[in-house]
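This report concerns only the one structure given below.
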Amino acid sequence: MEKNAKIYIAGHRGMVGGAIKRKLEKDGFQRVITRTSGELDLRRQDQVQAFFEEEQPDYVFLAAAKVGGIHANNTYRAEFLYDNLMIAANIIHAAYTQNVRKLMFLGSSCIYPRMAPQPIVEDSLLTGPLEATNEPYAIAKITGIKLCEAYHDQYGCNFISVMPTNLYGIGDNYHPENSHVLPALIRRFHEAKQANKPSVTVWGTGTPKREFLYADDLAEACVFLMENYDGRELVNIGAGEDMSIRELAETVRDVVCYEGDIIFDATKPDGTPRKLMDVSRLHKLGWKHSTELRQGIAQAYGDFLRKQYHHLNAMHQ
Ligand SMILES: NC(=O)C1=CN([C@@H]2O[C@H](COP(=O)(O)OP(=O)(O)OC[C@H]3O[C@@H](n4cnc5c(N)ncnc54)[C@H](OP(=O)(O)O)[C@@H]3O)[C@@H](O)[C@H]2O)C=CC1
Ligand SMILES: C[C@H]1O[C@H](OP(=O)(O)OP(=O)(O)OC[C@H]2O[C@@H](n3cnc4c(=O)[nH]c(N)nc43)[C@H](O)[C@@H]2O)[C@@H](O)[C@@H](O)C1=O
């Protein structure tokens, strides 16, 4: 990508979009364009088409989506399917009609079959049933992948798809019910410490295993692949190692310095038993992650505290 290329980040206010924006600005790209959802509702094809006609971006990072953890995915099933379907279809089609030079679509590790052999290789896609709790979201993401493939095949579009593992970091979503597990636990352990609570409840049995990647590492991988990968196949982006939810909870408890007990609420869903991704394709292309989990959690906790206190101070102004 040329330094004066016009680069559109869809979803720049999100955790991933924000990290990509930081990375592009650090690397000296001067023409990054963005819109909030209030300025441009990506579910509206007319608004998206008009925006692309007006701005004519050269490159697009498609990081906008309706995103949430297992409870949100399982509760707002229609929104997770409709919003993500429309966002993907509208942006990918407009990128084609306006001759965008290259587009990157962000999928997710939950597109793979619930019981895919581990670690999961990219060719596992559509080889088995999906995890029920996030099937709507997964279907929308798989459609985005297939749109990129089809526009590549029929029109020669350079539209690539990447599959990030579970992410966390600066600007994460800390909503008590709708967030992902890692930010949810940072907040819950922090609040338990502040309130001197004797224990913290963690959802499920604690036995599922998850892989986590720091969002700024993901952003670096996304820019690396936008610069160096033009293939038709998916590329998994992960840390290449996983841990049980129990181990994760113990790690977050240590970082937050909470001393109470951990209780597991088995009435809550576990979701996929495991979804460790094979990242050998990414490693062969020349990229590996750098932020280890404990350091990443400490950095995310610092961000949470800055935002949390800012919010409290704002409330008292
Ligand atoms: N977080 C994770 O663990 C993982 C995320 N991913 C993928 O990474 C991408 C980004 O995720 P993440 O940063 O965590 O998500 P966030 O929820 O932090 O950000 C999503 C962004 O999408 C924008 N958006 C949502 N709906 C609309 C809409 N209708 N019109 C315009 N903009 C919209 C929002 O913009 P605004 O703020 O302006 O409303 C928001 O900033 C997604 O594609 C997600 O599927 C993949 C794997 C794991
Ligand atoms: C990121 C990716 O993957 C997501 O699926 P997931 O990995 O199952 O998402 P999760 O982070 O919400 O849960 C991970 C595990 O953690 C356990 N768990 C414990 N305690 C809490 C808790 O307090 N909150 C949450 N959310 N989970 C908890 C929870 O029971 C589950 O076993 C998709 O939604 C989708 O977003 C997607 O693309």
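We count ligands from 1, going down the list as the structure has it; atoms in each ligand are counted the same way.
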Ligand 1 to Ala64, heavy atom cutoff 4.0 Å, flagged ligand atoms 22 (O), 23 (C)
Nearest-neighbour protein heavy atom for atom 14 (C) of ligand 2, which is reported as residue plus atom name and distance
Arg210 NE, 3.7 Å
Which heavy atom of Met243 sits nearest a heavy atom of Thr251, and at what distance?
CE-OG1, 4.1 Å
Going by heavy-atom distance to atom 19 (C) of ligand 2, choose the closest among Tyr137, Trp203, Phe80.
Trp203
Looking at Glu2 and Arg101, is there a salt bridge between them, counting it only when a charged N and a carboxylate O are closer than 4.0 Å?
yes
Among all protein heavy atoms, pick out the one at the shortest distance from atom 1 (C) of ligand 2; state its residue, atom name and that distance to 0.1 Å.
His180 NE2, 3.4 Å
Leu42, any N or O under 3.5 Å of ligand 1 N or O
yes
Would one find an N or O of Val16, backbone or side chain, under 3.5 Å from an N or O of ligand 1?
yes
Need the ligand 2 atom indices (1-based, order shown) with element for anything under 4.0 Å from a heavy-atom of Asn134.
5 (O), 33 (C), 34 (O)
Is ligand 1 less than 4.0 angstrom away from at least one heavy atom of Gly107?
yes
Among Pro208, Pro269, Gly107, closest by any non-hydrogen atom to atom 29 (C) of ligand 2:
Pro269
Return a yes/no value: protein heavy atom under 4.0 Å from atom 34 (C) of ligand 1?
no
Looking only at heavy atoms, which two atoms of Asn73 and Gly68 are closest? And how far apart?
ND2-O, 2.8 Å
In terms of residue, atom name and distance, what is the protein heavy atom nearest to atom 15 (O) of ligand 1?
Val67 CG2, 3.5 Å
Closest approach of any protein heavy atom to atom 18 (O) of ligand 1, naming residue and atom:
Met15 N, 3.0 Å
Is ligand 1 less than 4.0 angstrom away from at least one heavy atom of Leu40?
yes
How far is atom 29 (N) of ligand 1 from the closest protein heavy atom, and which atom is that?
Asp41 OD1, 3.1 Å
SB check Arg232 Glu149 (cutoff 4.0 Å)
yes
Nearest-neighbour protein heavy atom for atom 19 (O) of ligand 1, which is reported as residue plus atom name and distance
Gly14 CA, 3.2 Å
Return the option from Ser37, Ala65, Gly11, Gly18 holding the heavy atom at the smallest distance from atom 20 (C) of ligand 1.
Ala65
Do we see a donor-acceptor contact under 3.5 Å between the side chains of Asp217 and Thr291?
yes
Grab the two heavy atoms, one from Leu285 and one from Tyr229, that are nearest each other, plus how far apart they are.
CD1-CD1, 3.7 Å
Atoms of ligand 2, numbered as shown, that sit under 4.0 Å from any heavy atom of Ser108:
2 (C), 37 (C), 38 (O)
For atom 12 (O) of ligand 2, grab the closest protein heavy atom and report residue, atom and distance to one decimal in Å.
Ile70 N, 2.7 Å
Please verify whether a non-hydrogen atom of Asn173 lies at under 4.0 Å from ligand 1.
no
Which residue supplies the protein heavy atom nearest to atom 18 (N) of ligand 2, what is that atom called, and how far is it?
Val181 CG2, 3.5 Å
What I want to know is whether Ile87 and ligand 1 share at least one N or O pair that is separated by under 3.5 angstrom.
no
If you measure from atom 43 (O) of ligand 1 to every heavy atom of His180, Lys141, Met86, Met163, which option wins on shortest distance?
Lys141
Heavy-atom side-chain contact between Leu103 and Ile91 under 4.5 Å
yes
List the closest protein heavy-atom neighbour of atom 4 (C) of ligand 1: residue, atom name, distance to the nearest 0.1 Å.
Leu167 CD1, 3.7 Å
Any donor-acceptor pair under 3.5 Å linking the side-chain atoms of Thr97 with those of Gln49?
yes
For Asn73, counting its heavy atoms only, list the atoms of ligand 2 lying under 4.0 Å from any of them.
33 (C), 34 (O), 35 (C), 36 (O)
Under 3.5 Å between some N or O of ligand 1 and some N or O of Leu62?
no
Students should be able to answer this: which protein heavy-atom is nearest to atom 37 (O) of ligand 1, and at what distance?
Arg13 NE, 3.3 Å
Suppose we measure from atom 42 (C) of ligand 1 to each protein heavy atom; which comes out shortest, and what is that distance?
Ala63 O, 3.5 Å
Can you name the atoms of ligand 1, numbered from 1 with element, that are less than 4.0 Å from a heavy atom of Thr36?
38 (O)
Between Ser179, Gly69, Gly271, Gly206, flag the one that comes closest to atom 26 (N) of ligand 2 by a heavy atom.
Ser179
Starting from atom 15 (C) of ligand 2, which protein heavy atom do you reach first, and at what distance in Å?
Ile245 CD1, 3.7 Å
Look at ligand 2 and say whether Thr272 reaches it with a heavy atom at a distance under 4.0 Å.
no
Short side-chain donor-acceptor distance under 3.5 Å, His190 and Tyr301
yes
Taking only heavy atoms of Thr165 into account, list the atoms of ligand 1 that are under 4.0 Å away from them.
47 (C), 48 (C)
Got the closest protein heavy atom to atom 23 (O) of ligand 2, with its distance?
Arg188 NH2, 2.7 Å
Below 3.5 angstrom, do we get any N/O pair linking His71 and ligand 2?
no
Looking at ligand 2, is there an atom of it that comes within less than 4.0 Å of some heavy atom belonging to Val202?
yes
Counting from 1, what ligand 2 atoms have a heavy atom of Ala184 closer than 4.0 Å?
22 (C), 23 (O), 24 (N)
Report yes or no: does a heavy atom of Tyr137 sit under 4.0 Å from some atom of ligand 1?
yes
When you measure from atom 4 (C) of ligand 2 to every protein heavy atom, which one gives the shortest distance, and what is it?
Lys275 NZ, 3.6 Å
With heavy atoms of Arg43 as the reference, note each atom of ligand 1 found under 4.0 Å away.
29 (N)
Side-chain H-bond candidate by donor/acceptor type, Tyr112 with Asn236, under 3.5 Å
yes
Looking at atom 32 (O) of ligand 2, what's its closest protein heavy atom, distance included?
Asp270 O, 2.5 Å
Check each atom of ligand 2 against the heavy atoms of Gly68 and keep those under 4.0 Å away; list them by number with element.
34 (O), 35 (C), 36 (O)
Going only through I, L, V, M, F, W and Y residues with side-chain contacts under 4.5 Å, is there a path from Leu106 to Met163?
no
Kindly check if the number of other-residue, nucleotide or ligand heavy atoms within 6.0 Å of CD (Gln295) is above 12?
yes
Residue-ligand contact His12/ligand 1, heavy atom below 4.0 Å
no
Specify the closest pair of heavy atoms between Arg187 and His175, including all atoms of both residues, with the distance to one decimal.
NH1-CA, 4.3 Å
Under 3.5 Å between any N/O of Val67 and any N/O of ligand 2: does that happen in this structure?
no
